[in-house]
Amino acid sequence: MRIDLHTHSSVSDGTEPPAEVVAQAAVAGLDVVALTDHDTFDGLDEAVAAGVAGGVEVLRGIEISAEHQGASVHLLGYGCLAANAELADELARVRVGRSERVPAMLANLARYGMPVPEAVLARQVGDSPSVGRPHLADAMVELGYVADRREAFDTWLADDKPIFVHRYATELRTALRLVRQAGGAVVIAHPWGRMSRDRLPPELLAELAASGQLDGVEVDHQDHDPQTRAELRTLADTLGLLATGSSDYHGAGKTGHDLGCNLTSADVLAEIRARVAARGGLL
Ligand code: AMP
Ligand code: ZN
Ligand code: FE
Ligand code: FE
């Protein structure tokens with residue numbers, strides 16, 4: 001079984017519509033794919049329908065913007081009931097925060113001699129309800145300021161670069177609770193990627209695991225080198241956390257994240273599904 005549990009569509013900051021992501025999953029020989037757009041469930045019905053038509057099982061997912069002690073933490077939620085009011089309200093708050101920080105980043109871009117007309121950004125955002133820095137990056141590419149998303153982030157948009165503006169994200173423990181409350185299973189995405197290791201030390205993961213707040217960690221991710229994967233896998237085994245592996249596919253928006261480049265085992269998927277079923281979530 002080839003199982004990839006972390007992908008993005010144009011409903012957030014991927015470049016292909018949900019149905020196309022699922023079609024590409026079939027091309028990549030995947031049996032199961034989860035669509036996990038940032039802070040929105042809007043692409044899931046389309047993805048599930050495309051999966052039925054295309055012979056790929058689609059797991060309903062989301063990637064939630066959380067934070068712990070001021071540092072960004074991404075959570076993958078599986079099987080959440082989109083209608084859960086408390087979760088829906090919180091996601092709406094996060095999306096408002098995404099939109100509200102845009103003018104400040106546009107002002108920063110103008111200050112650095114890279115004005116981005118609102119119409120250019122609007123075209124890149126399209127009808128996504130979840131605007132993010134990758135949309136700004138694509139506008140910068142369109143205007144010839146940078147060659148690609150990677151250069152846009154490395155030079156301008158990353159958290160320690162001059163254009164970056166902080167945005168609202170849900171407190172980690174609140175987000176963990178909301179996913180479980182909505183019937184879902186919750187996995188920390190790329191926990192030790194991009195220097196985030198200090199923010200999520202083994203003691204914190206141990207506490208979240210022991211208290212039943214967390215189901216798993218994404219071990220196999222392109223932001224983790226082989227040693228990091230080995231250490232995180234050992235820790236997950238010790239703590240009884242599920243270990244997943246996924247691509248974090250963004251279509252043409254991210255190179256080196258091809259569908260199926262990392263995979264999750266059938267056993268782990270079965271356990272995720274069992275927990276969602278036990279919590280009354282949506283499979
Ligand atoms: P935002 O959601 O606006 O905070 O933008 C963060 C998103 O940009 C992440 O979810 C990734 O999809 C993407 N991204 C790509 N490269 C980077 C990078 N070097 N640093 C941070 N985010 C990146
Ligand atoms: Zn993304
Ligand atoms: Fe992420
Ligand atoms: Fe992601």
Side-chain angles (χ1 to χ4, degrees), residues 4-16 18 21 34-40 42-43 61-68 70-78 91 93-106 108-109 116 121 124-125 128-141 146-170 172 175 186-196 199-200 217-224 244-257 259 262:
D4 186 337
L5 297 184
H6 183 171
T7 69
H8 297 274
S9 77
S10 54
V11 169
S12 64
D13 57 13
T15 57
E16 298 160 346
V21 173
L35 182 67
T36 54
D37 274 314
H38 297 282
D39 306 311
T40 176
D42 281 7
I62 190 168
E63 184 170 14
I64 300 178
S65 303
E67 69 178 23
H68 176 66
S72 169
V73 179
H74 288 180
L75 299 180
L76 295 165
Y78 300 108
L91 292 172
R93 202 168 297 134
V94 172
R95 292 193 303 269
V96 167
R98 286 178 165 279
S99 300
E100 285 185 340
R101 55 107 88 123
V102 168
M105 287 202 290
L106 291 177
N108 285 346
L109 281 164
V116 173
L121 179 60
Q124 293 297 344
V125 174
S128 167
S130 188
V131 57
R133 281 176 281 169
H135 297 117
L136 272 182
D138 290 347
M140 293 168 75
V141 172
V146 291
D148 52 25
R149 278 191 188 186
R150 175 175 298 255
E151 185 188 344
F153 271 92
D154 289 353
T155 312
W156 301 109
L157 298 175
D159 294 22
D160 56 347
K161 298 299 176 188
I163 306 303
F164 173 75
V165 174
H166 181 267
R167 64 178 167 83
Y168 174 77
T170 309
L172 173 62
V186 61
V187 170
I188 300 183
H190 44 75
W192 288 354
R194 293 210 186 97
M195 299 177 296
S196 62
R199 285 85 171 251
L200 294 170
V217 284
E218 189 180 46
V219 169
D220 289 311
H221 184 279
Q222 299 302 75
D223 289 355
H224 293 159
T244 68
S246 297
S247 63
D248 203 358
Y249 179 70
H250 280 70
K254 235 180 190 179
T255 51
H257 290 256
L259 284 163
N262 298 301

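Read the numbers this way: they start at 1 and go in the same order the structure lists the ligands and their atoms.
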Of Thr40, Ile64, Thr170, the one forming a side chain to side chain contact (heavy atoms under 4.5 Å, CB included) with Val94 is Thr170
Between Tyr249 and the options Leu259, Thr36, Thr15, Leu35, the side chain to side chain contact (heavy atoms under 4.5 Å, CB included) test singles out Leu259
One checks the Zn ion (ligand 2) and counts protein N, O or S atoms under 2.8 Å, reaching 4
Decide yes or no for [X] and [Y]: does some side-chain heavy atom of the first lie under 4.5 Å from some side-chain heavy atom of the second?
| X | Y | result |
| --- | --- | --- |
| Arg101 | His166 | no |
| Glu218 | Ser246 | yes |
| Leu136 | Val131 | no |

Mind checking whether His8 and His257 have ring centres under 6.0 Å apart?
no
Nearest heavy-atom contact between Arg95 and Asp39 is NH1-O, 2.9 Å
Do you see a donor-acceptor pair shorter than 3.5 Å between the side chains of His74 and Glu67? no
How close does the nearest protein non-hydrogen atom get to [atom], and which residue and atom is it?
| atom | answer |
| --- | --- |
| atom 16 (N) of ligand 1 | Arg194 NH2, 3.4 Å |
| atom 11 (C) of ligand 1 | Lys254 NZ, 3.9 Å |
| atom 18 (C) of ligand 1 | Phe153 CD2, 3.3 Å |
| atom 10 (O) of ligand 1 | His38 CE1, 3.0 Å |
| atom 6 (C) of ligand 1 | Arg133 NH2, 3.5 Å |

From [X], does some N, O or S atom reach closer than 2.8 Å to the Fe ion (ligand 3)?
| X | result |
| --- | --- |
| His190 | yes |
| His74 | yes |
| Asp248 | no |

Gly132 heavy atoms within 4.0 Å reach ligand 1 at atoms 3 (O)
More than 12 heavy atoms of other groups within 6.0 Å of Arg93 CZ: yes
Does a side-chain N-to-carboxylate-O contact under 4.0 Å join Arg133 and Asp159? yes
For ligand 1, is there an N or O atom under 3.5 Å from any N or O atom of [X]?
| X | result |
| --- | --- |
| His74 | no |
| Asp159 | no |
| Asp154 | no |

